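Values in this document were obtained by computation on a predicted structure and should not be read as measured data. So that the names make sense, note that chain A is the first sequence line, chain B the second, and so on, each numbered from 1.
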Number of protein chains: 2
Amino acid sequence: MRSFTEENYLKIIYHLAEKTNNVQTNAIAEQIQTKPASVTDMIKKLAEKDLVDYVKYQGVTLTEKGKQAAVDIVRKHRLWEVFLVDKLNFKWDEVHDVAEELEHIKSVDLIERLDEFLGFPKSDPHGDPIPDKHGRFAKTQFIKLTELKIGDGGTITGVSQHSSAFLKHLEKLGLTLGKQIEVSDVTDFDGSVEILVTGKQINISREVAKHILISTNGKN
Amino acid sequence: MRSFTEENYLKIIYHLAEKTNNVQTNAIAEQIQTKPASVTDMIKKLAEKDLVDYVKYQGVTLTEKGKQAAVDIVRKHRLWEVFLVDKLNFKWDEVHDVAEELEHIKSVDLIERLDEFLGFPKSDPHGDPIPDKHGRFAKTQFIKLTELKIGDGGTITGVSQHSSAFLKHLEKLGLTLGKQIEVSDVTDFDGSVEILVTGKQINISREVAKHILISTNGKN
DNA sequence: AAAAATTTTTAGATTTACCTAAAAATAAAT
DNA sequence: ATTTATTTTTAGGTAAATCTAAAAATTTTT
């Protein structure tokens, strides 16, 4: 049986490993809101259980077993987020903390049934893909809004920032998942992007644009 | 913030207090699957936090604060059970363990919304009443099947035993919530009860009958 | 390549919830 | 009313996950 805490470590390591190959102690400590010394302790424990490969001073990588456990938690987290938004009418900026708790409920049966109840969703309310019960992800083809050229268009299909502040901001601008957009201009001065959404012309900072993910249907 | 463990103690004490006024250390230990010595430790902690009144060697009673906390957990447990049965198609004998975990998810908002999503149910899949968000229970008027006389009838509205074995047995006999029954005979020899359900005559042991709760509509 | 800065680990403590074994209090039986 | 049995508590310890402070390794800078 895996403890709540172990599961959190695995999940955090999994997400950090999406950016860098070897995940550093300090990075984990920051994410998990704890001290590096505590992380070292836990890493040793996880290594003992064959969930991570660990070389002193070199950081960790998940083993196959560790990765499977992590993906399973990610799956649960995202399915619960879909439940909260689709069924309980939570906003996309309100679901993270609750899902953080729900993801640790351990019943395989529960998750299978929840998945079915939700209609086997392929992505969560932020556009992140939901792995199937074997841990397989559907292929996704996102590009950052900042990578579009003037005249290019596409559909908002994800965000790479989950802070409540960011999501509320997008909501206010009408930039929600599924919306069609087209880049009409890019400002030289600050790199801010002018886009066309639902008939309106709006300007968003480069910082915001960077975290909006677009699928282009290959038309550009 | 109340710990997972503290919540479990409160819940157990609450349920034990339904039978006896002063709840004994050993009784708690048995329910919570731990040793009496550990219970004494935890009781002291709960008394410190004003959740129970504790007199050495005399057992505990919940304070008003403790009772509120306990009722809140009972509410969550029962609402999650309704969710599992009504929405995820769990059987009534399969929900207990999962609800045991879900009841500790701590978000007031979540439970309010879940309650609404489920249509503000008044009772759980075993017929146990669900307190409202203020902790108030609807009045229920159950009697044990064994208290009915020959010729008396009523509706099955609850069970006072939640073991999987018992519930599966009832299921097989067709004795589920909402079913109309009538007592046609009581065997002198072993006290077993003959009843009429959906047109059929069946015989159930006194032990089983004792745990079936009937509402009689006051017609007897 | 030595010095400085950063990162990571070790060592030793703390807290929570549990344990065993023995002592103390209460309840039951003779 | 003693003795016996049961229940409860105390005392001292363990394991998990954390912490602080200091030491060791690695990386960066000069």
Side-chain angles (χ1 to χ4, degrees), chain A residues 1-17 19-62 66 69-70 73 100-101 103-104 106, chain B residues 1-17 19-62 66 69-70 73 100-101 103-104 106:
Chain A
M1 201 80 295
R2 232 150 263 150
S3 79
F4 190 98
T5 312
E6 286 171 337
E7 289 194 349
N8 268 332
Y9 271 87
L10 292 173
K11 185 187 61 173
I12 294 291
I13 294 168
Y14 176 81
H15 286 309
L16 288 169
K19 308 232 161 187
T20 49
N21 216 334
N22 271 45
V23 180
Q24 288 171 269
T25 305
N26 271 359
I28 299 171
E30 195 192 343
Q31 288 293 312
I32 237 153
Q33 300 259 60
T34 187
K35 304 290 157 171
S38 311
V39 174
T40 301
D41 284 352
M42 181 55 78
I43 280 172
K44 284 182 184 166
K45 198 178 155 192
L46 295 175
E48 197 93 348
K49 293 191 177 185
D50 253 319
L51 293 161
V52 299
D53 289 319
Y54 170 52
V55 183
K56 263 190 198 172
Y57 293 99
Q58 301 306 129
V60 289
T61 51
L62 291 173
I73 299 158
E100 203 86 326
E101 288 190 65
E103 75 192 6
H104 299 290
K106 46 184 181 313
Chain B
M1 203 78 295
R2 232 151 264 150
S3 79
F4 189 98
T5 312
E6 286 171 337
E7 289 195 348
N8 269 331
Y9 272 86
L10 292 173
K11 186 187 60 172
I12 294 292
I13 294 168
Y14 175 81
H15 286 309
L16 288 169
K19 308 233 160 183
T20 50
N21 216 334
N22 271 44
V23 179
Q24 287 172 271
T25 304
N26 271 359
I28 300 172
E30 195 191 342
Q31 287 295 311
I32 236 152
Q33 300 259 57
T34 187
K35 303 291 155 170
S38 311
V39 173
T40 303
D41 283 352
M42 180 56 79
I43 280 173
K44 284 182 184 167
K45 197 178 155 192
L46 294 175
E48 197 92 351
K49 293 192 178 186
D50 252 319
L51 293 161
V52 299
D53 289 319
Y54 170 52
V55 183
K56 263 190 201 173
Y57 294 99
Q58 299 306 129
V60 290
T61 50
L62 291 173
I73 299 160
E100 204 85 325
E101 289 190 64
E103 74 192 5
H104 299 290
K106 48 184 178 317

Visitor: What is the distance, to the nearest angstrom, from the CE atom on B:M1 to the C1' atom on C:dT15?
Guide: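 Whole-Å distance recorded here is 18 Å.
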
Visitor: What's the CG-P distance between A:L16 and C:dT7, to the nearest Å?
Guide: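 Result: 14 Å.
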
Visitor: Is the number of heavy atoms from other residues, nucleotides or ligands under 6.0 Å of B:K49 NZ greater than 12?
Guide: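 Yes.
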
Visitor: Expressed as a whole number of angstroms, how long is the span from B:N22:CG to D:dT7:C1'?
Guide: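 Computing the B:N22:CG to D:dT7:C1' distance gives 14 Å.
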
Visitor: Distance check needed: C:dC18 P versus B:N8 CG, whole Å only.
Guide: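 Rounded to the whole Å, the gap is 9 Å.
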
Visitor: Specify the separation, in whole Å, of atom CD1 of B:I32 and atom C1' of D:dT8.
Guide: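 The distance from CD1 of B:I32 to C1' of D:dT8 comes to 16 Å, rounded to the nearest Å.
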
Visitor: May I ask you to decide whether B:E7 forms a salt bridge with B:K106, counting only side-chain N to carboxylate O separations under 4.0 Å?
Guide: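 Salt bridge between B:E7 and B:K106, a charged N being under 4.0 Å from a carboxylate O: no.
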
Visitor: Please determine if a side-chain N or O atom of B:Y57 lies less than 4.0 Å away from the OP1 or OP2 oxygen of D:dT10.
Guide: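 For D:dT10, neither OP1 nor OP2 has a side-chain N or O of B:Y57 closer than 4.0 Å.
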
Visitor: Between atom CD in B:E30 and atom C1' in D:dT8, what is the gap in whole Å?
Guide: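 So the two atoms are 15 Å apart, to the nearest Å.
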
Visitor: Dump the intermediate steps for side-chain contact (heavy atoms from CB on, under 4.5 Å) on B:E103 and B:N8, then the final yes or no.
Guide: CA-CA 10 Å; B:E103 74 192 5; B:N8 269 331; 3.8 Å; yes

Visitor: If only side-chain N and O atoms of A:T5 are considered, is one of them under 4.0 Å from the OP1 or OP2 phosphate oxygen of D:dA16?
Guide: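 The answer is no; no side-chain N or O of A:T5 sits under 4.0 Å from OP1 or OP2.
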
Visitor: On the nucleotide C:dT9, are OP1 or OP2 found under 4.0 Å from the side-chain N or O atoms that A:K44 carries?
Guide: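 No, A:K44 has no side-chain N/O under 4.0 Å of OP1/OP2 on C:dT9.
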
Visitor: Output, in order, the C-alpha distance, side-chain angles, deciding distance and verdict of side-chain contact (heavy atoms from CB on, under 4.5 Å) for B:Y9 and B:V52.
Guide: CA-CA 10 Å; B:Y9 272 86; B:V52 299; over 6 Å; no

Visitor: Could you tell me whether the phosphate oxygens of D:dT8, OP1 or OP2, come under 4.0 Å of any side-chain nitrogen or oxygen in B:N26?
Guide: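 For D:dT8, OP1/OP2 do have a side-chain N/O of B:N26 under 4.0 Å.
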
Visitor: Do the side chains of A:E100 and A:K11 get close enough for a salt bridge, i.e. N-O under 4.0 angstrom?
Guide: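 A:K11 and A:E100: salt-bridged.
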
Visitor: Do the side-chain N or O atoms of B:Q24 get closer than 4.0 angstrom to the phosphate oxygens (OP1, OP2) of D:dT7?
Guide: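 Checking D:dT7 against B:Q24, no side-chain N or O comes under 4.0 Å of OP1 or OP2.
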
Visitor: If only side-chain N and O atoms of A:Y9 are considered, is one of them under 4.0 Å from the OP1 or OP2 phosphate oxygen of D:dA16?
Guide: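 Checking D:dA16 against A:Y9, no side-chain N or O comes under 4.0 Å of OP1 or OP2.
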
Visitor: Does a side-chain N or O of B:K56 approach OP1 or OP2 of D:dT7 to a distance below 4.0 Å, or not?
Guide: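 No.
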
Visitor: Could you tell me the separation between the CD1 atom of B:I28 and the P atom of D:dT8, rounded to a whole number of Å?
Guide: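 About 9 Å, once rounded to whole Å.
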
Visitor: Using atom CD1 of B:I43 as one end and atom P of C:dC18 as the other, report the distance to the nearest whole Å.
Guide: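 Checked: the CD1 to P distance equals 12 Å.
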
Visitor: Where along residues 33-42 of chain A does a heavy atom fall under 4.0 Å from DNA chain C?
Guide: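 Heavy-atom cutoff 4.0 Å gives A:P36, A:A37, A:T40.
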
Visitor: So, the side chain of A:T34 versus the backbone of A:E30: is there a donor-acceptor pair under 3.5 Å, distance only?
Guide: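 Checked: no pair found.
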
Visitor: Have a look at A:Y54 and tell me which of A:T61, A:T40, A:L46 forms a side-chain contact (heavy atoms from CB on, under 4.5 Å) with it.
Guide: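 Of the listed options, the one satisfying the test is A:T40.
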
